[in-house]
Amino acid sequence: MESVPPHAPALVLNADYRPLSYFPLSLVPWQEAIKAVFLDRVNVVCEYDRVIHSPSLEIRLPSVISLKQFVKTARMPAFTRFNVFLRDRFTCQYCGQRFPTHDLTFDHVVPRSWGGRTTWTNVVTACSACNLRKANRTPRAASMPLKTPPRAPDHFALQEVGRAFPPNYLHESWRDYLYWDSELDPW
């Protein structure tokens, strides 16, 4: 019998059978998946072995669902702290080390006090130590060159980066629809 996660989330695919999002992975609780099935908004692609019952109905929990209507993704992702970290692969752009999210901050390449704006092209991921060391200076003035110049990513670029960071749990029924950066098994 297959292992079913405690909350039995369903992987949500767009109508083209690609995940709506890789990071965070597009998952919905089983209750929302069942509701979407009954509202005829999704197709059930795969199911768990787990069954739920009502007084008049028995239904297997969906593990993968696909939308019936294609949802077009925004070309430009929202400018958020998390998306900056994702763009920069959770790596400090000064020392080059990867950190957990809670140990990261963002830094204005041209400090705000110098007229620097809070934009994709002026904000980078930094660890606390490097952010303090750089202080209210430009990278050049601080002798701290950037590992990668900041740029505005499109939605596709962020999704590609997100694929490099698979979540802790991947149900076996999801694997045919997720393409992580890993070596494929030989035939």
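What you see below is based on every heavy atom in this structure, not just the backbone, and it leaves out hydrogens, waters and symmetry mates. Quick caveat: nothing in here was measured; it's all calculated off a predicted structure.
Hydrophobic clustering (side-chain heavy atoms under 4.5 Å, transitive across Ile, Leu, Val, Met, Phe, Trp, Tyr) groups Trp30 together with Leu57. Under the 4.5 Å side-chain heavy-atom criterion for ILVMFWY residues, no single connected hydrophobic cluster contains both Leu146 and Leu132.
Side-chain atoms of Asp88 never come within 3.5 Å of backbone atoms of Thr91 as a donor-acceptor pair (strictly under, hydrogens ignored).
Of all the heavy atoms in Trp174 and Pro9, the pair that sits closest is CZ2-O, 3.6 Å. Across all their heavy atoms, Phe85 and Phe106 have their closest contact at CE2-N, 4.3 Å. Considering every non-hydrogen atom in both Pro62 and Tyr48, the closest pair reads O-CE1, 3.5 Å. Taking all atoms of both residues into account, the shortest heavy-atom contact from Ala164 to Arg89 is CB-NH1, 3.8 Å. Between Phe99 and Cys127, the shortest heavy-atom distance links the atoms CE1-CB, 3.4 Å.
Separating the CG atom in Asp103 from the CZ atom in Phe90 is a distance of 12.5 Å, to the nearest 0.5 Å. In this structure, the separation between CG on Asn83 and CZ on Phe79 is 9.5 Å, given to the nearest 0.5 Å. For the atom pair Thr105 OG1 and Arg81 CZ, the distance stands at 5.0 Å (nearest 0.5 Å). Taking CG of Leu25 as the reference point, atom CG of Leu27 lies at 4.0 Å (rounded to 0.5 Å). Atom CG of Leu61 is separated from atom CD of Gln31 by 8.5 Å, given to the nearest 0.5 angstrom. Annotation: the span from Arg41 atom CZ to Glu32 atom CD amounts to 10.5 Å, rounded to 0.5 Å.
Side-chain contact of Ser21 with Ser26: a donor-acceptor pair under 3.5 Å is absent, judged by distance alone.
Membership of the apolar cluster around Val12 extends to Leu20, Val28, Val37, Val42, Val44, Ile65, Leu67, Val71, as traced through chained side-chain contacts below 4.5 Å between ILVMFWY residues.
Within the 4.5 Å cutoff, the side chain of Leu11 has heavy atoms near those of the Leu178 side chain. Residues Arg87 and Leu158 form a side-chain contact, since some pair of their non-hydrogen atoms from C-beta on lies under 4.5 Å apart. Inter-residue side-chain proximity for Cys46 and Tyr177 is flagged as met; some heavy-atom pair is nearer than 4.5 Å. Looking at Ile59 and Val51, their side chains never come closer than 4.5 Å, going by heavy atoms from C-beta outward. Contact of the Asp49 side chain with the Arg60 side chain is registered, since non-hydrogen atoms from C-beta on lie closer than 4.5 Å. Within the 4.5 Å cutoff, the side chain of Val161 has no heavy atoms near those of the Tyr22 side chain. Inter-residue side-chain proximity for Arg133 and Met144 is flagged as met; some heavy-atom pair is nearer than 4.5 Å. The side-chain heavy atoms of Trp120 and Pro153, taken from C-beta on, include a pair separated by under 4.5 Å.
Around the CZ atom of Arg137, the shell of radius 6.0 Å holds more than 12 heavy atoms that belong to other residues, nucleotides or ligands. Residue Phe156 places its CZ atom among 12 or fewer non-hydrogen atoms of other residues, nucleotides or ligands, all under 6.0 Å distant. Applying the 6.0 Å contact sphere to NZ of Lys68 captures more than 12 heavy atoms from other residues, nucleotides or ligands.
Remark: Glu160 engages Arg163 in a salt bridge, criterion side-chain N to carboxylate O under 4.0 Å.
Applying the side-chain hydrogen bond (donor to acceptor under 3.5 Å, both in side chains) test to Thr121 and every residue at least two apart in sequence or in another chain returns Thr119.
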Report all side-chain donor-acceptor pairs from residues 107-114 shorter than 3.5 Å, counting only partners two or more places apart or in another chain.
unit_1	atom_1	unit_2	atom_2	d
Asp107	OD2	Tyr94	OH	2.5
Asp107	OD2	Lys134	NZ	3.0
His108	NE2	Thr118	OG1	2.8
Ser113	OG	Asn136	OD1	2.8
Ser113	OG	Asn136	ND2	3.0

